[in-house]
Amino acid sequence: MKNSLKFGWILLLLLVAMASRAQDSSSLYVAQLLHPQSDSVRTHAIGRLVALRIPATFPLLMAINDKKLYLLDNQAITIDGKPSDEEKYRLHRVYPDTRPLHNSSGDPLLLSLSQLKTVDIPRADRLLLLPIAPLFNLYSPDAQKRIQAYGQLTDLQDPQVQKILADVVSKETDYNALRIGKESLYAIQLHTAKNEATAKAYIDSIARNWSDNASALLTAYGSGKAFNTNTANYAIEKAKQLESKYDNLQRIQNLFSGLSLGSILILIALGLSIVYGLAGVINMAHGEFMMIGAYTTYCIQMLFSRGYGDWFFIISLPLSFIVAGLMGLILERLVIRHLYSKPLESLLATWGISLILVQTARLIFGDLTAVKTPQLLAGGWQAAPHLTLPYNRIFIIALTAVMVLLTYLMLFKTKLGLQIRAVTQNRQMSACLGVETRRIAAVTFFIGSGLAGLAGCAITLIGNVVPDMGQTYIVDSFLVVVTGGVGKLAGTIVSGLGIGFFTKISEAFFQAVYGKVFILLFIMLFMQYKPKGLFPDKGRIAEE
Amino acid sequence: MNHAYTAPILSVNQLVAAYGQSTILRGTTLSMQKGAITTVMGRNGVGKTTLLKTIMGLLPVQEGTITFNNQDITKIPSHKKAKIGIAYVPQGREIIPKLSVYENLQLGLIAHADKNAKLPEEEIYHLFPILKDFRKRAGGNLSGGQQQQLAIARALVSNPTLLLLDEPTEGIQPSIAQEIGSILQKLVKEKGLSVLLVEQKIDFATQVTDHYYFMDRGKMVMDGGAEELNHKALEKYISV
Amino acid sequence: MKTNNSSLYYILFIAIFAILLPAGHLSGFLSINTISIWGRYFCFAIAALGIDLIWGYTGILSMCQAFFFCLGSYGIAMHLVLQKTALPDFMVWNKITTLPFFWQPFNSFSLTVILCMLIPAALAFLIGFVLFKSRIKGVYMAIITQALTLAMWLIFLRNETNLGGTNGLTDFKTLLGFDLANTQVKLALYFISFTVLCLAYMACHRITRSKFGKVLQAIRDSESRVSYTAYHTVNFKLAVFVVAALLAAVGGMLYLPQTGIITPGRMDVKASVEMVMWVALGGRGNLKGAVIGALLVNFLYSVCTSWFPDSWLFILGFLFVITVLYFDKGLIGLVTTLRARIGNLYLKTAQTTN
Amino acid sequence: MLLTVNNLSVSFGGVHALNLDHFSVGEKELRVIIGPNGAGKSTLLDIICGKTRADSGEVTFKGKQILGKNEVTIAEMGIGRKFQKPSIFPELTVYDNLLLAVKTKKDIFSTLFFRVTPAIADRIHSVAMRLQLNGVMYKLAGALAHGQKQWLEIAIVMLQDPTLMLIDEPAAGMSDEETEKTGGLLLELAKTHSIIVIEHDMKFIEQIANNLVTVLVRGKRLMEGTFDEVKNDQRVIDCYLGRSNAQLETL
Amino acid sequence: ASKSASTDSTATSKETVKIGVLHSLSGTMAISEVSLKDAVQMAVDEINAKGGVLGKQIEPVIVDPASDWDLFAEKAKELLIDKKVSAVFGCWTSVSRKSVLPVFEQNNGLLFYPVQYEGEECSNSVIYTGATPNQQLIPAAEYLMSEKGGGYKKFYLLGTDYVFPRTANKILKAYLLSKGIPKENIIEEYTPFHHQDYQTIISKIKRFAADGKACILSTINGDSNVPFYKEFANQGLSAATCPIMAFSVAEDELRSMDTEFLVGHLAAWNYFQSNDLPENKKFVDDFKAFCAKKGLPGGDKRVTDDPICWAYTGVYLWAKAAEKAGSFDVSKVRNALYSLEFNSPDGLVKMDARNHHLAKPVVIGEIKPDGQFDILWKSEGLVDPQPWSPLTSPDKDCDWVNHNGTYAKK
Ligand SMILES: Nc1ncnc2c1ncn2[C@@H]1O[C@H](COP(=O)(O)OP(=O)(O)OP(=O)(O)O)[C@@H](O)[C@H]1O
Ligand SMILES: Nc1ncnc2c1ncn2[C@@H]1O[C@H](COP(=O)(O)OP(=O)(O)OP(=O)(O)O)[C@@H](O)[C@H]1O
Ligand SMILES: [Mg+2]
Ligand SMILES: [Mg+2]
């Protein structure tokens, strides 16, 4: 008893001594890192810091890993994620402690990047951090990052890791992170479990937790380190269950991808089918209105380049609708108006217009451009441990749903919609019934082009903005309109989703190219069976 | 009757109109009294439909004038004409095919002077019971006669002062044709509606009309009161 | 009067292309390059005739004519490649040691010519049969054929198809032993294209003037009425579809040796829409219009991309819009209206002077 | 019997449009069908000529089942149709409209090498003459007045020379005199053809109904009888003719 | 034509020599090729300002082949036969080059081709100033496998479906296999042109990269890159977990892109704008000034990149060779080009002594937030071009001095 106490003391002293030595050496290495005499010194210093794994150095290492390490008055600092309106950042010290920097008046200090000295750490050196990245990311202020870090933790046998983990978990505030952190702890405990019941309990906890490497961990445990075959089998069984669960999630991911692709197609096809219904022609310039919407978003982002965060995108949603709509209106007034009873001619004219619009965009904007993803929509929603649903796609799905609903209400629940549908089918008689056909036609064109513009705005979230971007989607969206049955809102939705899902499912089996060919041929065969789309008109009205 | 003393509700003066190169109306003149049914008769292809189309503004007037309620409406677009109280039942019905019967009727409300007017469903369904059963059905799927009934109902919904009817009884079963006749007379009497009717069936015309015109090759060649309208009077023109 | 008008067109056409242009070359004003370019336009015009038949007269908007055009071109190209080497370079590079079976027949010229027409015709028959049987019409037809072309384009882009992938087939040396780089050969190809164009025109002219042509137009107007009048519309549609495909393929066959390259780019979405645009611009439902449209659009394309490299798209775009806004029936319609105007003017002045 | 219909049933979206137990037409018979609007008259013709599919039942023509056959085959068997709404080729001239209709071989090769023989020209001209179309022979059919289109369509059916003609409301939009002429024409045609005529014009029916008249109501056969029987049947008066038929009174 | 007029005016009286500029100014390739036209134009202006070549002002004949491969051939004929130009600067895609190649060979023309390409070609009529596979692909793969580069063990070869990616991946695969990477650790995948939807592929990559040590070798072309990188970031992948080494993404593409999600990814080229040679600093400034002055889209925000650098260098190489040969004659210029050295923005580069390719340094860079590259690695000295990769065609080589083009090695 006494012995053991003594032993404990010695151990404690030793630990303290080691810790303080570690503290000392860490400041040395940090100094070497910040002001290296040579590259090799820096590499060595980083190597040592990685090996030592001292929590106090973690903020510093994190800054290095994120390429956000700067020097200000010889202090190692980092910047806060989001810049202010004037592209200025709040600053944090990263070593030896973390605290925000203030100016003389006590307000947070705001500086722009050019006022800071960047500490360049070569990639090779940064890569050294990779093994302990999960460890220091545990200290990240960003919960998402911590969640990832917990999942990525390795060498859980290591007492130092265990200690850090326990420490972090005890301070964890985020619900999800806490759960995952705790369950990482289970993993450690599993390995130290001494009887079947506890082991099984931990296996269950791990399976419930289902972190990134849960199944690998369980398999490893089951095939080697388990202390009896019963637990081993149990672990392997659980691992298999997790695998199949994972496959199911992949399926969900695929469905989601299909849904998102489908929504994009629907969003584009919506305007197309409205305009098609009205002018009775293939509007060759529809894609270009999309492009106008996308460039509107781009321009607004440029105007807002001084900050204001996500506002630029929120504003561009209605603006891209309006700008593209107005362009459509002008086009309608100048050209299409003369062509209502001449479908062929409008085909030609809109083709000509699309050439003009593309070249105009090329001359004004030059080449490849892209819109910054709004902060709110960056990243994804961790729907389940292995299922990330990107926010931008969720947003597009939601936007599509809203637009479909609005379009439906507009077309079928308002007087305007009634008139639009009437004019679409019989201009002359509508006029005789008091419908101002010209105004209605203009409004319809405005809405149709506006919807295209909105689609363009939404597409900036996932793709780039180029003058001929319209062409990329146009055939696909025509296919949607046609397979759904021309002028059928419900058809457009079903076929859009259908094509989305089918494309994604076929991509899971074929390469993307053949997936596309497959889907095209599939549609052709489908049309054999439904030559007038999914929802054909029935009876006499179908004959025209 | 003494037409000379009341101002005509519609007068068409020396109207000339053409489809492209071929002139159809060659100086058509017509004047109709308020609160009366005026019938235009004539053989196939003489331009009766063209006359109504021109009055309605579907065909540009090349020469001549059209006056409605002392207002010159020669150059007014169709939808404005509808709004000032002219309703039109065209030959061939022109139902909006993919709108339901109910929606077709609602479309009639657009020209109604009162923006908040409600659809007088009761009345319509009383006149044309069949439309009630088919409220939700696409207009284009109705049978020919049903469509004709719908077209007439649609025109009446807007509560017009002048009704242009192009062969309204075409394809309608005898009992309902008869009823249409009496409805017209009733509306004329009770609401002061004026009707310009294009009709080929003398029986129907004699039954309802107050005044008739006979048209040939784009011109009115004869007119007179209802009492003068009989087969013999028309014979010489018809056999031409 | 009517016949006079037409013969004026013909005389002008022949005078310019059979006499003026070659003479210009022989006397040194025009380079052989210019002649070849016109030879290529003729090939487009041949295809355009087909499009006019199927679209202008029968009212079926087929977007897969570019595909048939490419089939013709690819066939000849395969023959030409085999004239040069036993195994095409790209196959060597892809480690293919024996010529794939479907390349074999293209060793022989006569077989090549037959296959170049047979394959597109058979495919057109198959596609047409399937589509027309199921009564696909209007936009549905247009988009489905467009989708088909797109699918074919994607397939032709693949290396696995052994047709040269994106790079297509190029670098040909001789045709039937004649050096393709030779001026005489180029001139001969020009004349052959011209002759074929004339023959195709005459054939199409005959077709459209016959009762068969009337049936086609009747199908455009009201297909169901034609059926009730006891014509098997499917057969008629199928027949023109095959003829149109043949014309496209023949155009493609003549096009290749004068251009020297065929790639899947010839049948991408843009290309297939453009072909329709030629006919639309020239005047749909009018054979002369189709020819004039194809020649003019391509001529402008060539010229403007050299003279106005930055703004040629505006020129072409506005041309399309203006044609539509001001000329009812395409360019050919413009000619007629102009003539009528001038005639009227003449008449009026004559009257007033009287 | 040339045409026999048994237990024919058709419904559109659950609504029964036609529910016909039996109906037949003999050789060279002129049969008139009347009935209220929406009774299913046009639908019946639609089924006979292959435009609409029936749910069940059988239709035999010249002893052969024709349900399920397509419209071309049926037309080839000898059934010609005039629609309620004029159906012609608007962008062809009247002459071309007629030329296409003439009964000749109608396959691809025959049309490709077709030449107008004097006999055919005569036929076209005589039909055109009878239907007063000779004045508008080279006008585009789309530019005709409504009545002229009606006649053009009748002419098309006549030139097709079918065994059975299905004529839907031929007198609609015609003046009394023209109606009478049409009646005469039909009577004459009936000497060599079987004809089914649908009409609402009682005067016209009286003129042509030398045989049976069938009354359809709500898709069912109400009765079949001579014109007089039908005219005086109380049920027919109630649901079709109206309380006191002014048209008939005046006769 | 309008452009040539403006350059004419600076030296009206002097004689001129015509060169052709054959870059797509419209169509899908315009995105990339317009910048090359600008670079050529700038080089021409500079040379003209210094007095031209052999006392003659250069007159560029600019045409637009409109991303239409047939039109490329037609325009090439026009430039060589009708316009009689002394050299042509142009093309980007392999197919456009293949399309004009017979034209140049038949008419004894000279084409300066500035873009990295798949090799396997050895034409007497083309001067290849862009990289051959061994000048770009191999060093990149080597770097990624090295300790310094991260020691990656699994490779996802992802490309757009056309010749360059296909060939590049073939060579890369051969290289990786030869280095002992097991077959199952190499995945090859292609997407159609203008592919926009990378959800499925990223999911596959995610699985592939779950255990770390995987990287992507990307030959994705043009407008597909933005959706690819965006999706990559959005599904939670990053350069730290799985870096993308791109062979077709350069500064010009990054110019107006949202680089936030690109930071840390890699690219292999022969030149980066961030190269801090004084020659390059001047080149970059001049280019910005040129674009601003000409009112080109982007103005002084324009950046330079590898193809721009080589398009620009090409004009100088030609001018220098012409001076050296004392003539514009194609064969004389061609002969003068062998072993010709030139102090390019990328430092001293040298034409090969036996074929028409350029020896130049190889650099690997990492994308920074401002769309520029941190140079991580640079080859020691110049890397000699290998038109025929020894990995896939060990028996072939290209030599126009001792042999007649491609010949079989013993
Ligand atoms: N769209 C059109 N284009 C050219 N001509 C036309 C057009 N519509 C009608 N016509 C011609 O105008 C003339 C008059 O036609 P309209 O329809 O007015 O006659 P209608 O008197 O109403 O005859 P119906 O009693 O047959 O209805 C006819 O000769 C007809 O050929
Ligand atoms: N596609 C359809 N959907 C729903 N109902 C339909 C459809 N087609 C026809 N109907 C209905 O079937 C019934 C029969 O129509 P049909 O046209 O045969 O009548 P009809 O006897 O010819 O009448 P009319 O004398 O008015 O021409 C009508 O009530 C009609 O509304
Ligand atoms: Mg009429
Ligand atoms: Mg009917």
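Reckoned from all heavy atoms, side chains included, excluding hydrogens, waters and symmetry mates. Every chain is numbered from 1, with letters handed out A, B, ... down the list of sequences.
- Taking a 6.0 Å sphere around NZ of D/Lys28, one finds it holds 12 or fewer heavy atoms contributed by other residues, nucleotides or ligands.
- By the 4.5 Å heavy-atom criterion applied to side chains, D/Thr111 and C/Phe236 are counted as neighbours.
- Here the closest non-hydrogen pair linking C/Ser222 and D/Ser87 is OG-OG, 4.3 Å.
- Of the two parts of D/Gln160, only the side chain, counted from C-beta on, holds a non-hydrogen atom closer than 4.5 Å to a non-hydrogen atom of chain C.
- Listed here is the closest heavy atom pair of D/Leu99 and C/Lys211: O-CE, 3.8 Å.
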Does C/Thr229 form a side chain to side chain donor-acceptor pair (under 3.5 Å) with D/Lys106? I'd like the steps, not just the answer. CA-CA 9 Å; C/Thr229 321; D/Lys106 291 182 174 173; over 6 Å; no
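- Within a 6.0 Å sphere centred on CZ of C/Phe129, heavy atoms belonging to other residues, nucleotides or ligands number 12 at most.
- Per-residue heavy-atom pair counts under 4.5 Å with chain C were compared for D/Leu100, D/Ile74, D/Asn70, and the maximum is reached by D/Leu100.
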Run D/Phe89 and C/Lys214 through side chain to side chain contact (heavy atoms under 4.5 Å, CB included) and show every step you take. CA-CA 10 Å; D/Phe89 308 118; C/Lys214 299 257 157 64; over 6 Å; no
Apply the test salt bridge (charged side-chain N to carboxylate O under 4.0 Å, His left out) to residues D/Glu91 and C/Arg225: give CA-CA distance (whole Å), side-chain angles for both, the deciding distance (0.1 Å), then the verdict. CA-CA 13 Å; D/Glu91 287 187 31; C/Arg225 179 76 249 184; over 6 Å; no
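- Atom OG in C/Ser224 sits 10.5 Å away from atom CZ in D/Arg81 (nearest 0.5 Å).
- Looking at D/Ile88, the atoms closer than 4.5 Å to chain C (heavy atoms on both sides) all sit in the backbone: N, CA, C or O.
- Using a 4.5 Å cut-off between heavy atoms, C/Val234 makes no contact with chain D at all.
- Here D/Phe109 and C/Phe212 keep their ring centres 6.0 angstrom or further from each other.
- Within 6.0 Å of NZ on D/Lys62 lie more than 12 heavy atoms contributed by other residues, nucleotides or ligands.
- C/Arg209 does not touch chain D: none of its heavy atoms, backbone or side chain, sits under 4.5 Å away.
- Only the side chain of D/Thr104 comes within less than 4.5 Å of a heavy atom in chain C; its backbone stays farther off.
- Counting heavy-atom pairs closer than 4.5 Å to chain C, the top-ranked of the candidates D/Pro162, D/Pro90, D/Ala101 is D/Pro90.
- Inter-residue side-chain proximity for C/Ser210 and D/Phe114 is flagged as unmet; no heavy-atom pair is nearer than 4.5 Å.
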